[in-house]
Amino acid sequence: MMRPPLLRLSVPVVLAALLLAGDPVTPAGRTAAAQTATAIVGATIIDGNGGPPLEDGTLVWTGNRIAAVGPRASVAVPEGATVIDGTAKFVTPGFIDSNVHLSLYGAGETIVRYFDRNAALTLEAAQMQLKHGFTTVRDSYGSLLALMEVRDAIARGDTVGPRMLVAGNIVGWGGPYSISFSLIRERGLTLFQEQFNDYITQGSGEELMEMEPEDLRVAINDYLDLGPDFIKFGGTGHFSNPIMIGFSPRAQRVMVEETHKRGLSAETHSTSPEGLRISVEAGIDLIQHPGVLSSDMSEELIEMIVERGTVCAFLSNTVTGMAWRDHLDAQAERMEREAKEEAEAGAEGRDEDARKKTSAELRAERRARGEGIEIRRRNTERLIEAGCITTIGTDNYLGTAPEFRRTPKAENQAFGMGSVIATEGLVELGMTPMEAIVAVTKNGAIACKMLDDLGTLEVGKFADIVILDANPVEDITNIRAIGAIIRDGRMVDRDALPYERIFSRPGEGHAW
């Protein structure tokens, strides 16, 4: 039976009604929430499957699972349910970012000063993601122990945050003070630096690249026993120059096989076309930032990725928006300067080609031209156009403490806001707003291997819901117009997030 209109509540009133007195995330509170039903009535429902939005729809959840969704006329609201008036509201599944870095992992003063606050910083970062509507995140590199501590605390209901899936180390790489991660030689490190490398790798570092397949099979299972939710391995080194193949084809197949035996996902970081091809042929589930290659991707490799259904998690936040406009402005200034210099050289009779340029000079010129961002953007556009399974993987990172920064952290990789910018960037790269919404909901769930539970608004799935005050299908930037967030069936008090500000700053909620 439908509740009479006079009992329908606005989103702010329902927020107050659903937040429990005292600590809103106590196990007792979770039990109480599980005994009641909540309904959003009269909203436009964008279910994440990509079809036309359902106008004047009703969505009901009981506990943390969706119980009904459909037209208002055909969905009965349970007697005694809390009702949210969805008039002029737009309801989507909770958003998913497939590649964040919530914990401490870099080098420098920040690690030393904040090592004992690693879990607190991780929670702050996770709560900033949730504050912007990202109810699930995949953390593909960082401090495994701190990440699992926060992941498990959120899952138990001890605190509030997004659902977290964590990988820990990028298998085959050393810690932040290593050749493979940051081109730092092991010789001459302090004891702290050596210990921090081991803290990050947890036995999954560069030594695995030396192993034959059967020894690697044992080592990867030892790492999986620690409790990561998925595996990410170094198909190549970290950087685009120099590029080195990480693991042999046989070794990569072993890691993928052992990960799949546990029902988990395997993914790669590969920065060369050939390195990426080896990983795709090994059967990986997902490619992090597949556009970030040393050169343009071949049509053959693109076709292989699309045909195999390998998920592509794009760094769209770094090749669109302000980042791309800054590149174009720099390009225009460079071309104007070079034309002026060429004209001056001609007038003075100077021969600029008297000496053949070295390969290092030529690489420096390509960097100055912004060749890297142009390659990344072209590869991303071509993969999207070819129809790959697209989602976002922002690399939102913790980075340097504010007191050690000379300049503020870039907004496009700030927790939460970087994910919003990446979603908007998908439209700039050729997707429709609806396709971008599917990318960060349904496709994000595919990346998590959790489509049975997440990613779309369907009966039986977790009640992870974003209520927007404006239509994101008309304008993707309306994903910023958040009216309310429901995570696991419970209303999130956005104003209270993050619970403790350590690196973040108040105001708009995303400055780091």
Side-chain angles (χ1 to χ4, degrees), residues 8-16 18 38-59 61 69 71-72 83-97 128-136 162 316-317 320-322 391-392 394 411-412 414-444 455-457 463-487 491-495 497 507-510:
R8 294 205 188 105
L9 303 175
S10 67
V11 168
V13 173
V14 170
L15 175 59
L18 294 184
T38 305
I40 304 170
V41 178
T44 297
I45 297 175
I46 302 165
D47 67 8
N49 283 306
L54 171 64
E55 296 181 2
D56 197 19
T58 292
L59 187 149
W61 70 92
V69 58
R72 184 207 294 250
V83 177
I84 300 173
D85 184 357
T87 304
K89 305 294 182 181
F90 300 83
V91 176
T92 74
F95 305 140
I96 301 170
D97 190 325
M128 292 298 288
Q129 289 288 150
L130 180 59
K131 189 181 185 81
H132 289 79
F134 286 81
T135 55
T136 300
S316 45
N317 49 315
T320 61
M322 186 61 71
T391 189
I392 63 166
T394 57
E411 184 183 54
N412 68 338
F415 291 113
M417 183 51 64
S419 305
V420 170
I421 291 171
T423 308
E424 295 168 352
L426 293 176
V427 176
E428 185 178 326
L429 292 166
M431 301 184 82
T432 67
M434 180 63 83
E435 289 169 339
I437 293 167
V438 172
V440 298
T441 55
K442 181 179 181 177
N443 292 353
T456 60
L457 300 177
D464 286 2
I465 300 162
V466 177
I467 303 175
L468 300 171
D469 294 334
N471 189 351
V473 177
E474 291 181 353
D475 184 346
I476 192 61
T477 64
N478 286 331
I479 62 172
R480 300 181 184 223
I482 295 176
I485 298 167
I486 294 93
R487 212 306 251 166
M491 193 76 73
V492 174
D493 184 356
R494 294 181 68 226
D495 292 339
L497 300 180
E508 291 185 278
H510 58 261

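Atoms considered below: every heavy atom in the structure, side chains included; atoms not considered: hydrogens, waters and symmetry mates. The model shown is predicted, which means the values in this text are computed figures rather than measured ones.
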For a 4.5 angstrom cut-off between non-hydrogen side-chain atoms, does Ile437 reach Val473? yes
Note: Thr441 and Gly48 closest approach over all heavy atoms is OG1-CA, 3.8 Å
Quick one: does Pro53's side chain get under 4.5 Å of Met434's, heavy atoms only? yes
Flag for Gln129-Ser419: side-chain donor and acceptor within less than 3.5 Å: yes
Return the minimal non-hydrogen interatomic distance between Gly42 and Asp56, and the atom names on each side. CA-OD1, 3.4 Å
Check the pair Val466, Thr92 against side-chain contact (heavy atoms from CB on, under 4.5 Å), reporting the backbone distance first and the verdict last. CA-CA 5 Å; Val466 177; Thr92 74; 3.6 Å; yes
Output for pair (Ile84 CD1, Ile40 CD1), nearest 0.5 Å, gives 4.5 Å
Evaluate the side-chain proximity of Val492 to Leu130: yes if any heavy-atom separation is below 4.5 Å, no if none is. yes
Non-hydrogen atoms of Lys89 and Ile467 that approach each other most closely: CB-CG2, 3.9 Å
Counting C-beta onward and ignoring hydrogens, is there a side-chain heavy-atom pair between Met417 and Arg480 closer than 4.5 Å? yes
pair Ile485-Thr135: side-chain heavy atoms closer than 4.5 Å: yes
Rounded to the nearest 0.5 Å, how far apart are CD1 of Ile45 and CZ of Phe90? 12.0 Å
Do Glu428 side-chain atoms and Gly425 backbone N/O form a donor-acceptor pair below 3.5 Å? no
Answer with yes or no whether the side chains of Thr394 and Asn317 bring together a donor and an acceptor at under 3.5 Å. no
Before giving the answer on side-chain contact (heavy atoms from CB on, under 4.5 Å), spell out for Ile465 and Val91 the whole-Å C-alpha distance, their side-chain angles and the decisive distance to 0.1 Å. CA-CA 7 Å; Ile465 300 162; Val91 176; 3.5 Å; yes
Indicate yes or no: at least one non-hydrogen side-chain atom of Thr320 is less than 4.5 angstrom from one of Leu429. yes
So how far is it from Ile479 CD1 to Thr423 OG1, rounded to the nearest 0.5 Å? 4.5 Å
Nearest heavy-atom approach of Ser316 to Ile392 is OG-CG2, 3.9 Å
Can you name the residues that form a side chain to side chain donor-acceptor pair (under 3.5 Å) with Thr136, not counting sequence neighbours? Arg163
So do Ile482 and Arg494 actually touch side chain to side chain, heavy atoms under 4.5 Å? yes
For Pro433 and Pro472, work out which heavy atoms get closest and say how close. CB-O, 3.3 Å
Search all heavy atoms of Pro162 against all heavy atoms of Phe134 and return the closest pair with its distance. CB-O, 3.4 Å
Mind checking the CG-CZ spacing from Leu54 to Arg72? Nearest 0.5 Å is all I need. 11.0 Å
Carefully, step by step, assess Thr456 and Asp47 under the rule side chain to side chain donor-acceptor pair (under 3.5 Å). CA-CA 5 Å; Thr456 60; Asp47 67 8; over 6 Å; no
Point-to-point distance, once rounded to the nearest 0.5 Å, from CG of Leu457 to NZ of Lys442: 12.5 Å
